[in-house]
Amino acid sequence: MTVPERPSLLENLDRVRELLRAQSFGLFTDVDGTIAPTSRTPDAAIVEPACAESLRSMVGRFLLVAAVSGRSMEDLRRMLTVDGMVYVANHGMERWRDNHSDVAPGAQAYYAEVRQALEEIKDSLIDDGIAVEDKGVVVAFHYRLASDPVGAERRLREAIAKSLGARRLAVHAGKMLIEVKPPVELSKGTALRELIAEFGLNAGIYLGDDRTDVEAMTALRELRGKGFDGIGVGVLGGAETPPGLLEACDYTLASVDEVCRFYAWLAEESRGLERG
Ligand SMILES: [Mg+2]
């Protein structure tokens with residue numbers, strides 16, 4: 001299979017300058033694998049302090065600075081304490097608004113099934129080295145720490161197949177993880193569309209590293225030329241880069257370090273754009 005080549009964003013900063021000239025520009029960033037290096041367990045991951053600092057300085061200069069993540073809202077608020085930043089958690093199912101978390105009603109309707117599935121799957125996974133991440137309306141099972149990740153993934157899939165609660169739920173695979181979630185058409189893609197419309201953006205940049213970011217980058221491409229201009233930036237993670245990311249993105253950054261370098265540049269470049 002031939003993997004498409006995508007140019008480095010750092011070598012194409014003029015394209016970013018062009019987007020910054022738009023009236024209403026928004027920055028969308030994924031968190032894990034984009035501004036927080038992947039760690040052994042999800043709890044141990046932290047946002048690079050320099051990256052958080054750059055984001056903080058860009059809030060108020062751009063119409064929107066948003067974190068769009070698969071994390072729970074609780075995690076997102078713990079990891080990123082940037083006032084004025086918009087947080088979208090659980091892949092578009094949850095949004096922080098007016099000091100509380102809003103779960104999309106369509107997703108909330110499956111809460112009981114998600115709880116049931118969590119208990120059933122947890123019970124059949126003993127000593128497998130699988131970490132359970134309870135995100136409220138979504139549950140993620142991470143097999144990164146399993147001594148035999150391939151076997152752990154298989155046993156996890158079997159446990160999910162056996163769970164009665166999971167029957168009406170959707171099952172999604174990510175980087176060394178499987179999520180059980182409400183079967184609703186909410187994604188980072190729908191979140192991106194909603195924010196672009198709500199904030200009246202006519203330009204934007206989306207950065208992400210995983211399968212779920214592909215949906216956002218695809219949405220961004222679909223909007224391009226329809227009163228909106230934007231680019232998708234794939235953050236590469238070596239062997240863990242999912243299929244589809246390179247096809248969906250326009251430019252790449254090689255690592256979290258490069259993302260931080262880019263945000264530092266963007267923060268510098270956006271000086272003087274302060275909104276009253
Ligand atoms: Mg990610």
Side-chain angles (χ1 to χ4, degrees), residues 6 9 26-52 54-55 65-80 82 85-96 131 133 135 138-145 149 172-181 186-192 195 204-220 231-263:
R6 292 286 184 253
L9 183 65
L27 175 66
F28 301 86
T29 186
D30 168 51
V31 177
D32 290 274
T34 297
I35 57 173
T38 305
S39 62
R40 279 167 59 80
T41 62
D43 283 351
I46 59 160
V47 171
E48 283 292 338
C51 248
S54 299
L55 289 168
V65 180
V68 184
S69 171
R71 289 260 180 186
S72 68
M73 188 58 80
E74 199 185 332
D75 268 7
L76 213 46
R77 296 189 62 238
R78 175 178 55 79
M79 292 177 78
L80 263 171
V82 180
M85 202 167 164
V86 167
Y87 296 144
V88 176
N90 276 329
H91 299 122
M93 292 193 195
E94 229 173 317
R95 165 110 169 253
W96 188 255
E133 187 189 359
K135 302 192 284 181
V138 177
V139 181
F141 300 90
H142 298 258
Y143 50 89
R144 182 177 297 279
L145 283 186
H172 282 232
K175 282 185 177 177
M176 309 294 273
L177 67 88
I178 296 180
E179 281 188 333
V180 175
K181 58 209 287 187
L186 294 168
S187 66
K188 290 188 174 186
T190 60
L192 185 90
L195 289 171
I205 301 182
Y206 184 96
L207 290 90
D209 72 311
D210 210 341
R211 275 169 218 263
T212 54
D213 300 304
V214 169
E215 294 169 51
M217 292 183 201
T218 305
L220 188 141
I231 54 172
V233 181
V235 182
L236 306 181
E240 287 188 25
T241 296
L245 186 76
L246 277 167
E247 281 83 353
C249 71
D250 302 295
Y251 297 95
T252 58
L253 289 169
S255 59
V256 171
D257 273 358
E258 280 203 3
V259 174
C260 291
R261 271 174 57 201
F262 170 64
Y263 284 166

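For ligands, and for the atoms within them, numbers begin at 1 and follow the listed sequence.
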R95: partners by side chain to side chain contact (heavy atoms under 4.5 Å, CB included), with sequence neighbours left out: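 V86, V88, R97, E194, L195, E198, F199.
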
Does E215 have any side chain to side chain contact (heavy atoms under 4.5 Å, CB included) partners at least two apart in sequence or in another chain, and if so, which?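 Here the qualifying residues are S187.
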
I need the full list of side-chain hydrogen bond (donor to acceptor under 3.5 Å, both in side chains) pairs touching residues 66-75, with sequence neighbours left out, sorted by first then second residue.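 Checked against side-chain hydrogen bond (donor to acceptor under 3.5 Å, both in side chains) - neighbours excluded - the pairs reaching residues 66-75 are D32-R71, R71-D75, D75-R78.
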
Quick check: do L246 and L236 have side-chain heavy atoms less than 4.5 Å from each other?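 With C-beta onward as the side chain, the pair touches.
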
Below 4.5 Å, heavy atoms only, C-beta onward: do M176 and T38 meet side chain to side chain? no

Sub-2.8 Å protein N, O or S atoms surrounding the Mg ion (ligand 1): D30 OD2, D32 O, D209 OD1

Would you sort out whether K135 and E94 count as a salt bridge (charged side-chain N to carboxylate O under 4.0 Å, His left out), showing the intermediate values? CA-CA 10 Å; K135 302 192 284 181; E94 229 173 317; over 6 Å; no

